[in-house]
Amino acid sequence: MKDTPKHQGLRNQLFKKIRRKGIKSEAVLKAMAKVPRHVFMDSALESHAYEDKPFPIAAEQTISQPYTVAYQTELLHVKPKDKILEIGTGSGYQTAVLIEMGAYVYTVERQHELFKLAKLFLPKLGYKPKKIRFGDGYIGWAEHAPYDGILVTAGAPFVPKALLSQLKIGGRLVIPVGESYQIMTVFTRTGEKEFSKKEYGEFRFVPLLRDKE
Ligand code: SAH
């Protein structure tokens, strides 16, 4: 799918809207203005790609709402060259936004179909994650830890300890916590065993699946 001036125009309108909704980080807005969201979606939905809504992707999952992507990315405080672990690759859209911001991204997806698609598709678009893995996000990815930031893009019924332990000191975990709805929560590692916690707004994500589900 091509990226045309029409897409660019719709994207600019969407980002003005997201800014009005309260996203302040220019780095986030700039990255999102560049990534062509429509190519991450089913071609039948292309004309809706620049609406501020989530849409279905394969394996009964969703591509997150652009405002949610912006909100989570802003909370992550990404800087160029940061090492970021993303849990829930899904369509790869959020992965591309992080790469566009100059981050080195490690991303984990629990559904094989989505993993396979993203692994082929992201490099084709020029968005190459450092590493992409088919696996369970509850255990993070210890081999490449510690991370400057960890971003969970599915609703977690509880905060996995492994994710906290894989943060650098000063690193941030952005995670929506809850079952039927989630509270966006940020943990900052302030010391070897100390973390600070801050809660933000209410969101609705697809669930972070557990091994036997
Ligand atoms: N970042 C994605 C959001 C996809 S929705 C995007 O922008 O498209 C959440 C994703 O988390 C889904 O792809 C789902 O399959 C994945 N997921 C669910 N449970 C998981 C787990 N335990 N480990 C890793 N990924 C998981």
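Whatever order the structure lists them in is the order used to number ligands and atoms, beginning at 1.
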Asker: How about Glu86 and Thr95: does a side-chain donor come under 3.5 Å of a side-chain acceptor?
Answerer: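 A donor-acceptor contact under 3.5 Å links the two side chains.
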Asker: Heavy-atom distance under 4.5 Å between the side chains of Leu85 and Val108, does that happen here?
Answerer: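 Touching, per the 4.5 Å side-chain cut-off.
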Asker: What part of Leu114, side chain from CB on, backbone N/CA/C/O, both or neither, has a heavy atom under 4.0 Å from ligand 1?
Answerer: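 It is the side chain that gets close, since no backbone atom is under 4.0 Å.
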Asker: Closest by any non-hydrogen atom to atom 1 (N) of ligand 1: pick that one out of Gly88, Ala58, Gly90.
Answerer: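 Residue with the shortest heavy-atom distance to the ligand atom: Gly88.
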Asker: Number the atoms of ligand 1 from 1 as they appear, then name those within less than 4.0 Å of a heavy atom of Tyr138, with their elements.
Answerer: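 Listed by number with element, the hits are 22 (N).
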Asker: Going by the atom numbers of ligand 1, which of them fall below 4.0 Å from some non-hydrogen atom of Gln94?
Answerer: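 Selected atoms, number and element: 1 (N), 7 (O).
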Asker: Can you find an N/O atom of Tyr93 closer than 3.5 Å to an N/O atom of ligand 1?
Answerer: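 Among all N and O atoms of Tyr93, none is under 3.5 Å from an N or O of ligand 1.
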Asker: Do Gln182 and Glu202 pass the side chain to side chain contact (heavy atoms under 4.5 Å, CB included) test, and can you show the C-alpha distance, the side-chain angles, and the key distance before you say yes or no?
Answerer: CA-CA 6 Å; Gln182 293 84 31; Glu202 209 177 286; over 6 Å; no
Asker: Contact between Leu76 and Gln72 at the side-chain level, heavy atoms closer than 4.5 Å - yes or no?
Answerer: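 Leu76 does not reach Gln72 side chain to side chain.
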Asker: Apply side chain to side chain contact (heavy atoms under 4.5 Å, CB included) to the pair Tyr50 and His38, showing each step before the final yes or no.
Answerer: CA-CA 7 Å; Tyr50 297 104; His38 62 284; 2.7 Å; yes
Asker: Please write down residue, atom name and distance for the protein heavy atom closest to atom 23 (N) of ligand 1.
Answerer: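 Sorting protein heavy atoms by distance from atom 23 (N) of ligand 1 puts Gly137 N, 2.7 Å first.
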Asker: For atom 20 (C) of ligand 1, which candidate among Arg110, Glu109, Arg37, Arg133 provides the closest heavy atom?
Answerer: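 Considering heavy atoms of Arg110, Glu109, Arg37, Arg133, the nearest to atom 20 (C) of ligand 1 sits in Arg110.
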Asker: Cut-off 3.5 Å, side chains only: do Arg37 and Tyr93 have a donor facing an acceptor?
Answerer: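 Note: Arg37 and Tyr93 side chains miss the donor-acceptor criterion.
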Asker: My understanding is that we take every heavy atom of each candidate and find the minimum distance to atom 12 (C) of ligand 1. Doing that for Glu60, Met41, Gln61, which one comes out nearest?
Answerer: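 The nearest heavy atom belongs to Gln61.
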Asker: If we only consider heavy atoms of Pro207, is any one of them less than 4.0 Å away from an atom in ligand 1?
Answerer: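 True for this residue.
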Asker: For ligand 1, which atoms have a heavy atom of Val206 less than 4.0 angstrom away?
Answerer: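 Near Val206, meaning under 4.0 Å from one of its heavy atoms, ligand 1 has 5 (S), 9 (C).
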Asker: Any idea which protein heavy atom is nearest atom 9 (C) of ligand 1, and the distance to it?
Answerer: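 For atom 9 (C) of ligand 1, the nearest protein heavy atom is Thr153 O, 3.4 Å.
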Asker: Using a 6.0 Å distance limit plus a 45 degree cone around the ring axis, check whether Lys21 lies over the aromatic ring of Tyr67.
Answerer: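 Here Lys21 passes the 6.0 Å and 45° test against Tyr67.
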Asker: Quick one: which ligand 1 atoms are inside 4.0 Å of a heavy atom on Ser64?
Answerer: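 With Ser64 as reference, the close atoms of ligand 1 come out as 3 (C), 7 (O).
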Asker: For ligand 1, find out whether one of its N or O atoms is nearer than 3.5 Å to an N or O atom of Leu209.
Answerer: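 Leu209 vs ligand 1: N/O contact under 3.5 Å present.
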Asker: I want to check something: taking the side chain as every heavy atom from C-beta on, are Phe195 and Leu164 in contact at a cut-off of under 4.5 Å?
Answerer: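 Yes. Closest side-chain heavy atoms under 4.5 Å.
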Asker: Taking the six-membered ring of Tyr104 as reference, does the NZ or CZ atom of Lys83 fall below 6.0 Å from its centre and within a 45° cone about the axis?
Answerer: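 The answer is no, since Lys83 fails at least one limit relative to Tyr104.
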Asker: Give the intermediate values and the outcome of side-chain hydrogen bond (donor to acceptor under 3.5 Å, both in side chains) for residues Glu74 and Ser25.
Answerer: CA-CA 6 Å; Glu74 182 167 71; Ser25 164; 4.7 Å; no
Asker: Going by the atom numbers of ligand 1, which of them fall below 4.0 Å from some non-hydrogen atom of Val108?
Answerer: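 Once the distances to Val108 are compared, the set is 24 (C), 25 (N).
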Asker: Hey, are Asp3 and Arg11 close enough for a salt bridge, meaning a charged N less than 4.0 Å from a carboxylate O?
Answerer: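 Yes.
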Asker: Considering only the protein, which heavy-atom contact is closest to atom 6 (C) of ligand 1, and what is its distance?
Answerer: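 Checked against all protein heavy atoms, atom 6 (C) of ligand 1 sits closest to Ser91 OG, 3.5 Å.
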Asker: Mind checking whether Val69 contacts ligand 1 via backbone (N, CA, C, O), side chain (CB onward), both or neither, at a 4.0 Å heavy-atom cut-off?
Answerer: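 It is neither; nothing of Val69 touches ligand 1.
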Asker: Looking only at protein heavy atoms, which one is nearest to atom 4 (C) of ligand 1, and how far off is it?
Answerer: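 Checking every protein heavy atom, the shortest distance to atom 4 (C) of ligand 1 gives Thr62 O, 3.0 Å.
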Asker: Can you tell whether the side chains of Arg19 and Glu26 come within less than 4.0 Å, N to carboxylate O?
Answerer: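 A salt bridge is present here (some side-chain N lies under 4.0 Å from a carboxylate O).
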Asker: Go through ligand 1 atom by atom and flag the ones less than 4.0 Å from a non-hydrogen atom of Asp136.
Answerer: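 Here the atoms of ligand 1 in question are 21 (C), 22 (N), 23 (N).
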Asker: Run the numbers for me: atoms of ligand 1, each under 4.0 Å from some heavy atom of Gln111, listed by number.
Answerer: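 That gives atoms 15 (O) of ligand 1.
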Asker: Under 4.0 Å, heavy-atom basis, I'd like to know which part of Glu86 is in contact with ligand 1: side chain, backbone, both or neither.
Answerer: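 Under 4.0 Å from ligand 1, Glu86 contributes side-chain atoms alone.
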